[in-house]
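Per chain, numbering begins at 1; letters A, B, ... match sequence-line order.
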Amino acid sequence: GAVVSQHPSRVICKSGTSVKIECRSLDFQATTMFWYRQFPKQSLMLMATSNEGSKATYEQGVEKDKFLINHASLTLSTLTVTSAHPEDSSFYICSARDQGQLRSGANVLTFGAGSRLTVL
Amino acid sequence: GEDVEQSLFLSVREGDSSVINCTYTDSSSTYLYWYKQEPGAGLQLLTYIFSNMDMKQDQRLTVLLNKKDKHLSLRIADTQTGDSAIYFCAESRYGNKLVFGAGTILRVKS
């Protein structure tokens with residue numbers, strides 16, 4: 001089945017530094033990937049839609065200059081948290097849609113295992 | 001997730017059935033989904049149902065959809081300790097976005 005790899009799974013950084021999180025679709029091509037943020041014991045909040053070869057579409061209230069998204073290939077999207085602060089500490093999850101699933105009509109997303117960011 | 005609502009917690013005994021409920025608001029949603037999240041992990045798709053269906057069964061999982069009431073449920077038969085996790089329902093919105101509920105913590109007691 002479709003597999004999405006997310007790296008790193010855990011990262012600790014100092015306040016003011018930048019952190020890059022990678023999301024790769026391992027056995028399928030994904031023109032669209034999604035980035036979510038999950039706070040403890042809460043639901044997933046969609047941050048942005050990452051589009052291969054074009055700019056990401058950010059949800060309302062998400063700072064695009066702080067959360068930089070690059071989708072340079074059909075199998076890789078990256079999220080960079082710039083000038084991280086302790087309030088950016090969270091669990092970030094990416095997902096990708098297998099193009100092969102589109103034919104069935106169902107918007108089946110495969111999720112990565114998530115990246116836990118802790119900003120000191 | 002505020003437009004998709006779920007009860008926060010469910011506790012059942014091993015071997016019993018679990019029923020997790022969800023209500024959604026967008027009547028134009030074409031698909032509804034159930035995802036499972038184990039501690040510290042990503043989300044695993046359990047099943048999904050097309051909006052013109054009332055029921056879908058997949059082994060121990062049964063999904064019931066009441067489109068009129070915008071109510072979705074997930075029944076897990078013969079619940080096992082390995083089923084302990086957080087279960088999210090989600091609806092598919094315009095632009096193929098998924099909107100998730102807050103999740104239901106399922107605790108299975110042996």
Side-chain angles (χ1 to χ4, degrees), chain A residues 1-10 21 23-25 30-51 56-62 90-99 101-102 104-118, chain B residues 1-10 20 22-26 28-53 56 58 63 65 72 85-107:
Chain A
V3 177
V4 171
S5 172
Q6 204 171 326
H7 178 81
S9 58
R10 290 180 182 272
I21 301 169
C23 179
R24 293 180 185 272
S25 56
T31 56
T32 305
M33 292 185 175
F34 302 89
W35 286 96
Y36 293 83
R37 183 174 180 178
Q38 185 180 30
F39 292 99
K41 298 182 181 179
Q42 292 189 30
S43 185
L44 283 75
M45 181 191 78
L46 179 64
M47 298 174 66
T49 302
S50 174
N51 305 299
T57 306
Y58 289 82
E59 296 298 302
Q60 192 173 7
V62 178
S90 191
F91 194 54
Y92 294 88
I93 307 176
C94 72
S95 68
R97 186 166 62 228
D98 185 349
Q99 294 299 107
Q101 291 289 342
L102 286 180
S104 71
N107 181 27
V108 176
L109 295 181
T110 301
F111 283 79
S115 299
R116 172 127 351 249
L117 170 63
T118 302
Chain B
E2 60 196 56
D3 293 339
V4 179
E5 296 187 353
Q6 300 177 237
S7 51
L8 293 181
F9 185 78
L10 176 65
I20 303 171
C22 171
T23 56
Y24 60 99
T25 58
D26 191 350
S28 64
S29 295
T30 51
Y31 286 90
L32 296 128
Y33 308 81
W34 283 104
Y35 281 86
K36 176 183 179 183
Q37 184 182 34
E38 298 186 13
L43 273 68
Q44 171 196 356
L45 177 67
L46 288 178
T47 186
Y48 62 90
I49 187 169
F50 188 47
S51 59
N52 69 351
M53 296 171 62
K56 181 179 180 181
D58 183 2
V63 178
L65 175 61
L72 181 74
I86 303 176
Y87 291 80
F88 292 95
C89 69
E91 60 174 342
S92 183
R93 295 250 181 111
Y94 176 77
N96 289 314
K97 295 179 184 178
L98 289 190
V99 176
F100 289 84
T104 299
I105 299 171
L106 174 63
R107 177 188 169 204

Side chain, backbone, both or neither: which part of Gln38(A) has a non-hydrogen atom closer than 4.5 Å to chain B? side chain
When rounded to the nearest 0.5 angstrom, what is the spacing between CZ in Phe111(A) and OH in Tyr36(A)? 4.5 Å
Ring pair (Phe, Tyr, Trp, His ring centres under 6.0 Å) between Phe100(B) and Tyr35(B): does it pass, once the steps are laid out? CA-CA 9 Å; Phe100(B) 289 84; Tyr35(B) 281 86; 5.7 Å; yes
Residue part contacting chain A, namely of Leu45(B), when any heavy atom lies under 4.5 Å: side chain
For Gly103(B), does its backbone N or O pair with a side-chain atom of Gln6(B) as donor and acceptor, under 3.5 Å? yes
Tell me, do Cys22(B) and Trp34(B) make a side-chain contact under 4.5 Å, heavy atoms counted? yes
Does any backbone or side-chain atom of Gln37(B) lie under 4.5 Å from a heavy atom of chain A? Answer side chain, backbone, both or neither. side chain
Engaged part of Phe50(B) at the chain A interface, taking heavy atoms whose separation is under 4.5 Å: neither
